Structures are given as C-alpha cells and as structure tokens.
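Report on one structure; see the data block that follows.
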Amino acid sequence: MLQDRRVLLGVSGSIAAYKAAEITRALVRENCQVTVVMTRNACRFITPLTFQVLTGRPVATELFSGDEVPVPHISLAKWPEIILLMPATADLLARTASGRADDLLAALILAADAPILWAPAMNTRMWNNPLTQENIKRLVALGHTFIQPGAGELACGERGDGRLAEPGKILAAVRKALFSRKSLSGRRILITAGPTREPWDAIRFLSNRSTGRMGYALAQEAQDRGAEVCLVSGPVCLPAPSGVRIIKVNTAREMQAAVMPEFLETDIVIAAAAVADFRPSAACPDKLKKNSAPPAISLEQNPDILMEMGRCKQKQILVGFAAETHNLEQAGIAKRKAKQLDLIIVNHASGPEDAFGAEAARVLLIDASDTVRELPRQDKHQTAAIILDQVEELLPAKQAKP
Ligand code: C5P
C-alpha cells in the first residue's frame with residue numbers, strides 16, 4: 001500500500017509521455033500522493049491538465065511562473081520521498097549529468113535530496129550513443145537508479161533498445177525505492193488466495209465468487225515489507241504481484257498438495273482462499289449430455305487445509321479468514337479456536353456492498369484472546385496493511401530471531 005507516500009514525477013518530451021499517465025493512475029489508485037512536473041517539450045505530447053485531473057494537484061512547468069510560490073524548484077525539491085523521471089529523454093539525462101538548472105525539472109533535480117529513479121525512453125541510436133551511456137554512468141556513480149529500457153519496436157519505426165520499461169517494472173522499482181522499512185525481511189509467508197474449482201465434468205465445475213483480491217493485496221503488502229512470499233492461488237483474473245513466487249492451482253486437493261510442503265518451512269500462513277468445502281464425488285472425464293431429467297450431483301467433503309495446518313503447526317503464525325452473514329463475532333471466535341489460529345479475519349458477507357467478492361472489505365479482526373477489532377469498509381490494500389501490522393505484533397513474542 002502506498003497510502004500517503006510522496007512521489008514527484010518528472011515528465012520530459014517523449015512520445016512515451018502518455019504512458020506516464022497510466023503509471024500516475026496506478027500510484028493514485030493506491031492513495032499515493034503524486035506531484036507532476038513537466039518540461040515544456042513534455043507538454044507538446046500530453047497536457048498538464050491530464051496529470052492535474054489524475055493527481056488532483058497542480059502541475060508545475062515553469063521555473064518563473066509568477067505564482068504565489070516564489071522559488072518552486074526548492075519547495076518541490078524538498079517535498080518528495082522519491083523522484084521518478086519518466087519518460088526521461090537523452091536531453092534530460094545530459095542536462096542532469098552536467099549539473100544544468102535551465103528549467104524547473106532540471107533545477108529541482110539539482111536541489112533534491114530524495115533518491116532519483118530514471119525510466120529512460122529514446123531512439124536506439126540516441127540510447128547507444130557513448131555520450132548518453134557516459135551520462136548514465138556518471139549519474140549511477142552519484143547514486144541514481146536506472147530502470148533499464150526494453151527492446152522492441154520504437155515510435156520512429158526502428159527496432160532496438162530504448163522503449164520505456166513496462167509499467168509493471170516501473171511500479172516495482174518505485175515500490176522498492178519507497179519501502180526501505182523492511183519490517184518482514186527474513187520472514188517467509190505463505191498465502192492462499194482465490195476460489196477453487198471442483199470439476200463435475202470435462203467443462204463444468206463448482207466454485208464461488210471469490211476474486212482473490214484480498215489474498216493478492218496481502219501478498220503485495222508482505223512483499224513490499226521485505227518478506228519472502230509464496231502465493232498459492234486458485235483461478236483468478238489478477239496480475240501476479242511483483243516479486244512474489246506464485247503456485248497456481250485449480251482444486252482444493254491441488255491447493256492442499258501445494259501448501260503442505262511449503263507450510264513446514266514458513267513463518268506465517270495467511271489462508272485467504274475461499275476453498276470449496278465440497279466436490280463432486282466423481283468428475284466425469286467427458287461432457288455430460290443434456291438428459292430429460294437433470295442429473296443429481298453427489299458431493300463429498302474436501303480436505304480442510306487450514307484445519308490440517310492448525311493440527312500440525314509448530315512455530316508458525318496461522319491466520320485464517322471467514323465470511324459470515326450473521327453472528328460474525330461468535331462464528332469467528334468458534335472458527336479461530338477450532339482451527340487453532342492466532343488471528344481470524346471475519347468478512348461481512350451480506351448486503352450488496354459487502355457481498356462476497358466485492359471491491360472493498362468490511363472485516364472484524366479477532367485475536368487469540370478473543371479481542372475483537374472492527375475495521376471500516378475500505379480498500380482491500382488498506383485492510384491488508386492493517387492485518388500485516390497486527391501479524392507483525394505477534395512475531396517477536398513467538399519467534400524472536402537471534
Ligand atoms: O470453515 P471455513 O470454510 O469458514 O474456514 C475458512 C478458512 O479456512 C479460510 O481461511 C480458508 O482459507 C480456510 N479453508 C481451508 N480449507 C478448506 C476450507 C477453508 O484452508 N477446505
């Protein structure tokens with residue numbers, strides 16, 4: 001979660017400038033504060049208004065604007081936690097490497113203390129030019145970080161190095177730069193997420209409405225905090241969180257087979273998957289034909305993976321989820337005890353806003369002393385951050401590291 005983190009985005013004049021809008025959107029979606037500064041040439045490719053609307057903040061372009069801020073480059077230079085220069089042109093690189101301060105962006109870079117991340121984009125010839133490469137070397141020696149451009153088709157029609165790196169790669173670099181607080185570094189976390197699918201015939205299955213969002217948000221948050229994350233995921237339509245090891249499964253029994261060997265080596269388990277409790281007793285290998293009377297499905301019980309982990313847990317902190325429509329507190333306490341969990345998160349699962357699979361979550365956290373903490377309905381990334389804060393509090397008492 002990038003809540004209230006401060007990123008200054010410097011945009012320079014490249015055809016890839018429109019991609020900066022996509023990155024801005026992704027950062028703002030995580031409640032990150034983004035202030036955009038554009039060079040004059042950047043404004044030829046995309047308007048300041050685009051970024052102003054996306055960020056809800058004014059966009060600065062001029063060193064001498066005559067506004068109420070007399071020296072904007074100094075106030076802007078002091079504000080961010082990191083500076084992301086994207087897309088960065090050969091010209092911006094050259095001006096920075098030679099210490100120029102001839103426009104607002106160059107001046108604030110010169111005045112800033114924050115770490116600087118470069119995402120260059122330019123023609124291959126310009127990228128490969130020894131002058132550009134010398135400028136990069138010089139900046140790297142001064143502690144700047146470069147997100148390597150990709151290779152491929154360029155806007156000018158040529159092919160080669162110089163394409164702006166993929167958005168996922170840029171976002172991962174921003175996260176890495178922002179999260180120096182590695183509160184979970186050295187810890188292994190196993191997370192289950194998503195629904196399972198229990199086949200009935202060659203094309204039909206039983207499943208549920210789980211989207212996997214909660215588990216994926218937890219995996220991203222844990223990864224941001226420096227944990228080694230293994231995500232065992234049922235079928236979902238979400239991109240894999242960056243840097244996380246992911247094992248994809250379909251059925252409850254496949255999830256069990258993936259989880260149990262990992263479990264022994266892990267410090268924390270968070271079971272966010274909505275595992276199907278039952279499966280059709282016999283899955284027909286072919287497609288069942290339409291009959292005059294619909295066939296009855298006979299079901300049998302799936303293994304309760306979390307219950308099994310509770311039975312054989314040693315040092316692991318075990319966190320489970322429950323989705324309940326009534327008596328959340330009572331049901332949560334009973335389930336936590338039955339599965340020997342250190343913490344259980346109970347989802348409200350009634351009403352349209354709290355329906356299973358909804359965008360936001362409204363949950364109760366119940367710990368081992370049955371203390372109940374109620375969280376407001378909020379984005380699942382925010383909920384994930386609070387859950388991991390509480391899990392971290394359990395860590396030192398149970399598993400003080402030498
Ligand atoms: O008993 P109930 O299904 O409500 O328990 C939910 C919790 O148990 C969740 O954490 C879920 O991931 C886990 N679970 C499991 N295996 C099952 C059923 C649930 O690991 N077969």
Side-chain angles (χ1 to χ4, degrees), residues 189-199 205-219 222 229-236 238 246-264 266 268-281 299-313 316-350 354-357 361 363-368 375 380 383-384 387-388 390-391 394:
I189 301 198
L190 172 63
I191 297 172
T192 68
T196 61
R197 283 181 182 171
E198 308 300 329
F205 54 80
L206 301 184
S207 191
N208 57 62
R209 290 183 197 279
S210 168
T211 59
R213 277 198 206 102
M214 190 70 243
Y216 275 57
L218 282 159
V229 185
C230 174
L231 175 64
V232 179
S233 173
V236 297
L238 297 171
I246 185 160
I247 304 176
K248 294 191 175 169
V249 297
N250 273 304
T251 66
R253 284 185 295 176
E254 284 171 19
M255 186 170 276
Q256 179 191 33
V259 158
M260 292 318 289
E262 297 285 336
F263 170 65
L264 298 173
T266 209
I268 302 161
V269 179
I270 306 184
V275 185
D277 291 320
F278 307 103
R279 64 174 181 272
S281 314
L299 299 173
E300 61 186 61
Q301 193 106 32
N302 264 331
D304 190 319
I305 308 166
L306 188 55
M307 182 84 87
E308 194 178 333
M309 288 192 275
R311 270 199 295 266
C312 54
K313 85 167 171 180
Q316 296 88 349
I317 286 168
L318 223 49
V319 181
F321 276 76
E324 304 290 343
T325 48
H326 299 98
N327 299 332
L328 272 69
E329 216 174 296
Q330 252 174 298
I333 289 173
K335 211 162 271 185
R336 191 199 63 71
K337 287 199 172 114
K339 301 199 183 196
Q340 303 182 52
L341 309 177
D342 299 280
L343 182 67
I344 191 161
I345 295 104
V346 191
N347 274 286
H348 285 262
S350 61
D354 292 319
F356 201 57
V363 302
L364 300 182
L365 267 58
I366 306 177
D367 69 12
L375 302 186
K380 289 183 177 172
T383 305
I387 293 170
L388 284 181
Q390 188 145 343
V391 168
L394 298 172

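Order of appearance sets the numbers: ligands from 1, and atoms from 1 within every ligand. Nothing here was measured: the structure is a model prediction, and the numbers come from that model. One-based numbering along the sequence shown.
- The CD1 atom of Ile387 lies 7.5 Å from the CG atom of Leu343; values are rounded to the nearest 0.5 Å.
- When only modelled atom types and interatomic distance are considered, Asn302 and Arg279 share a side-chain donor-acceptor pair under 3.5 Å.
- Residue pairs meeting the salt bridge (charged side-chain N to carboxylate O under 4.0 Å, His left out) criterion with at least one partner in residues 248-260, sequence neighbours excluded, do not occur; the list is empty.
- Using a heavy-atom distance under 4.0 Å as the criterion, the protein contacts of ligand 1 are Ala271, Ala273, Val275, Asp277, Pro303, Asp304, Ile305, Leu306, Gly320, Phe321, Lys335, Lys339.
- Of the candidates Leu306, Ile344, Ile270, Phe321 forms a side chain to side chain contact (heavy atoms under 4.5 Å, CB included) with just one, namely Ile270.
- The salt bridge (charged side-chain N to carboxylate O under 4.0 Å, His left out) pairs that include a residue from residues 269-278 number zero, where partners must be two or more places apart or lie in different chains.
- By the salt bridge (Lys or Arg N to Asp or Glu O under 4.0 Å) test, Glu329 is found to be paired with no residue, residues two or more places apart in sequence or in another chain being considered.
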